[in-house]
Every structure is written in structure tokens, then in C-alpha cells.
Amino acid sequence: MSLAVQFTEYGTPDVLRIVDVPPLTAGPGQVRLAVRAAGVNPIDWKILHGSMRQVMPVDLPGGLGSDVAGVVDQVGEGVTAFSVGDEVLGASITPSYAQSALADPAALVAKPASVPWEVAATLAGTGITAWEVLNKLKISTGETLLVHAAAGGVGTFAVQLAVARGARVIGTASERNHEQLRSFGVEPVTYGEGLVDRVRAISPHGVDAVLDASGRGEIPDSIELAGGPTRVLSLVAFGAADTGIQMHMAEPGAGGPEALGDILALIEAGRLQMPIAGTYPLDEVAAALAVSQSGHLSGKLVVLPA
């Protein structure tokens with residue numbers, strides 16, 4: 001038996017329980033991981049609350065988590081990409097808030113020895129999403145990108161990836177996160193009323209593109225600053241789709257290996273950081289989700305099942 005976090009009804013983190021579950025078996029084309037770390041993402045507590053049940057229904061009892069880093073301890077039939085003992089990171093196909101998880105090798109990459117487990121577990125979901133949306137926006141050298149919620153999960157990756165591509169990046173964030181953004185090479189501004197004026201004060205001709213990862217209602221300002229909706233993309237403002245902006249729905253593991261390869265190369269070169277705001281043992285997952293939902297973060301949260 002191994003331990004996993006499960007819930008038998010939708011609700012607050014209080015409904016979570018740690019239970020003994022039968023050992024997983026890697027089927028054809030799968031690997032089994034001894035989980036060393038699992039990243040916490042907002043979608044996890046949204047699934048728990050039931051707000052995602054129309055698009056991501058859960059067969060109860062269910063578990064949480066898809067970002068994972070661990071050691072391959074079983075290889076299914078037909079798998080040649082990894083062997084028992086390999087250290088990997090990416091996305092799992094069974095819940096990663098657990099001591100053991102199954103994964104598709106196509107959604108995994110090798111973990112460099114220099115990357116700590118807790119960092120490795122944060123890269124798949126938000127990192128791949130950030131990489132994909134910058135490609136969608138066609139961000140290139142010399143362009144100016146405005147990122148809303150620049151200190152959030154996707155935002156932290158997006159601003160650093162854009163800087164690495166040679167773009168000028170302006171990021172909206174709370175004052176408490178401005179110094180960290182400056183350390184990434186980002187020009188921070190506070191969000192809220194008067195945003196257009198604050199951005200134009202440092203970029204008089206507006207911006208070339210906008211990534212909205214906040215959903216606080218900045219779409220009209222974003223369209224104005226970008227000179228139209230074509231290169232405005234939101235991850236959250238689905239109610240604004242009729243304005244002509246781009247929308248992006250992240251899929252765990254989609255486009256993973258190439259994106260993760262680029263991200264890991266930047267980390268190893270010292271050009272991308274992933275701040276860790278806190279680590280939690282398996283029996284404190286409820287606390288991790290409560291902190292994540294509060295939104296008062298300046299980095300990622302990680303569950304350490306081992």
C-alpha cells in the first residue's frame with residue numbers, strides 16, 4: 001500500500017484525507033514514479049471545490065495534482081525512453097499528491113541533477129502554459145509585452161521567458177512583488193484604476209502584446225494599450241472572448257518536452273528562477289491549498305510526499 005490524498009465529496013480543503021491505496025501498476029506505454037515532489041496549482045483547489053466539474057469531472061473518491069517530479073520505479077511494456085532509477089519531471093496521469101503516480105513518458109523529461117526536486121515539480125503546468133502563450137502571441141526581440149499578474153504562477157515564467165527572448169516586459173503586480181520582478185528584468189506597475197496612464201508613462205506608444213493571467217477586468221485597458229485585440233491573450237477572462245482577444249485553455253503535459261527543455265536550459269544557465277514560497281508534507285496538503293487560494297504568494301507551493 002502507499003499513501004495518497006483523496007476526497008469523497010467536493011468542498012473546502014477540510015474534506016481532504018490521507019488514505020492507503022493499492023499499489024499502482026504501470027500499463028503499456030506508462031511509467032510509475034516514486035513521487036519526490038508535486039507542484040500546487042490553482043486548478044487543484046478549483047477542482048476540489050467543484051467549480052471545474054463541468055469540464056473536468058472527477059470520479060469520487062478522487063485525488064489532486066498533475067505537476068510531478070520523481071524517480072521511475074516501474075516501466076510498462078513498450079517504454080524505451082526511461083528506465084528504472086531515472087529522475088524525471090513533468091505531468092502525471094494519476095494524482096500527484098501521492099507517494100506514487102503513473103505518467104506517460106511523452107509528458108516527462110529527465111531532471112538535471114542541479115535542479116532541486118521542489119523546483120522540478122513546479123515546471124510543467126504553469127511553465128508549459130507560459131511557453132505556449134508566448135508562442136501564440138509571437139513575442140520576439142525588441143517587442144514590448146505587458147503581463148497582468150506578473151508575479152503569479154504563469155506570470156513568473158512568462159516574464160522571464162519573454163526577457164530571455166529579448167523582449168521588454170512590463171508587469172502588473174502588487175507593490176510587495178515589485179522588487180522581485182525588477183530582479184527578473186521586468187518593469188513593474190501596480191494594477192487597478194489608472195493603469196493605462198501608468199503604462200504609457202513608461203511606454204508612451206503602448207505595447208505590442210498583452211498576456212492576461214489575472215482576470216481582474218483589465219481587458220479593455222489591454223486592448224487600448226495594444227492598439228486592438230489581436231495580440232491580447234487571456235488565460236482567465238472567458239467572458240471577454242467576444243471582444244476578439246485570444247483565449248488559451250491549458251492542458252497538462254501538452255507541448256511538454258520542448259517547453260520543459262527550454263525552461264531547464266534557462267534555469268541551468270541562471271537566466272530563469274522559480275521562487276518556492278513553501279513546501280508541505282502530504283499531511284499538510286489542506287494548508288497548502290488554503291495558502292494557494294489566498295493568492296498572497298510570491299512563488300510556488302510544493303507538496304513533498306516522501
Side-chain angles (χ1 to χ4, degrees), residues 2-3 24 26 29-41 65-76 79-132 153-154 156-161 163-165 180 183-185 252-282 285 288 298-306:
S2 64
L3 298 178
L24 297 170
Q30 298 178 340
V31 295
R32 188 180 68 188
L33 307 180
V35 179
R36 293 290 180 264
V40 176
N41 291 303
S66 61
D67 282 14
V68 70
V71 180
V72 175
D73 66 4
Q74 189 180 83
V75 175
V79 173
T80 58
F82 298 107
S83 302
V84 171
D86 287 348
E87 297 183 348
V88 298
L89 64 96
S92 62
I93 56 178
T94 60
S96 59
Y97 294 4
Q99 292 180 327
S100 184
L102 299 178
D104 179 345
L108 301 173
V109 296
K111 184 190 84 69
S114 60
V115 177
W117 286 113
E118 60 269 26
V119 172
T122 68
L123 305 183
T126 50
I128 293 170
T129 296
W131 186 89
E132 289 177 338
V154 173
T156 298
F157 279 104
V159 297
Q160 295 182 85
L161 288 171
V163 168
R165 294 185 184 194
Q180 183 182 82
S183 74
F184 296 155
E258 186 179 359
L260 291 173
D262 287 351
I263 290 167
L264 288 168
L266 290 171
I267 290 174
E268 291 192 283
R271 300 177 63 194
L272 191 150
Q273 305 171 46
M274 180 40 58
I276 303 300
T279 58
Y280 296 79
L282 207 57
V285 165
S298 57
K300 293 280 285 190
L301 302 177
V302 180
V303 176
L304 303 175

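Residue indices begin at 1 and follow the sequence shown.
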Trace of the side chain to side chain contact (heavy atoms under 4.5 Å, CB included) decision for L260 with W131: CA-CA 9 Å; L260 291 173; W131 186 89; over 6 Å; no

message: I need the minimum non-hydrogen distance between A103 and A91, along with the two atoms involved.
response: CB-O, 3.7 Å

field: Non-hydrogen atoms of P257 and A106 that approach each other most closely
entry: CG-O, 3.2 Å

query: Is a side-chain N or O of S96 found less than 3.5 angstrom from the main chain of D67, in a donor-acceptor match?
result: yes

message: Would D86 and K111 count as a side chain to side chain contact (heavy atoms under 4.5 Å, CB included) here? Give the steps.
response: CA-CA 8 Å; D86 287 348; K111 184 190 84 69; over 6 Å; no

- prompt: What pair of heavy atoms forms the shortest contact from A259 to I128, and how long is it?
  reply: CB-CG1, 4.0 Å

message: Using only atom types and a distance under 3.5 Å, with no angle test, would you say the side chain of T129 pairs donor to acceptor with the backbone of T126?
response: no

task: Using the test salt bridge (Lys or Arg N to Asp or Glu O under 4.0 Å), find all partners of R32 that sit at least two apart in sequence or belong to another chain.
output: D73

What pairs of donor and acceptor atoms, side-chain ones from residues 267-280 against any protein atom, are under 3.5 angstrom apart with sequence neighbours left out?
| unit_1 | atom_1 | unit_2 | atom_2 | d |
| --- | --- | --- | --- | --- |
| E268 | OE2 | S114 | OG | 3.2 |
| R271 | NH2 | A164 | O | 3.4 |

- prompt: What distance do L266 atom CG and R165 atom CZ have between them, rounded to the nearest 0.5 Å?
  reply: 9.5 Å

statement: Sorted by chain and residue number, the salt bridge (Lys or Arg N to Asp or Glu O under 4.0 Å) partners of E118 (sequence neighbours excluded) come out as none

Test item: S2 side-chain N/O and Q99 main-chain N/O as donor-acceptor pair under 3.5 Å: no

message: Show the nearest heavy-atom pair for residues L123 and V119, with the distance to one decimal.
response: CG-O, 3.4 Å

- prompt: Is there a side-chain contact between Q30 and I93 (heavy atoms, below 4.5 Å)?
  reply: yes

Nearest atoms (heavy-atom pairs only) where A121 meets V302: CB-CG1, 4.3 Å

task: Search all heavy atoms of V159 against all heavy atoms of T156 and return the closest pair with its distance.
output: CG2-O, 3.5 Å

- prompt: So which of V109, L33, V68 actually passes side-chain contact (heavy atoms from CB on, under 4.5 Å) with V88?
  reply: L33

task: Given side chain to side chain contact (heavy atoms under 4.5 Å, CB included), test W117 with V35 step by step and report yes or no.
output: CA-CA 10 Å; W117 286 113; V35 179; over 6 Å; no

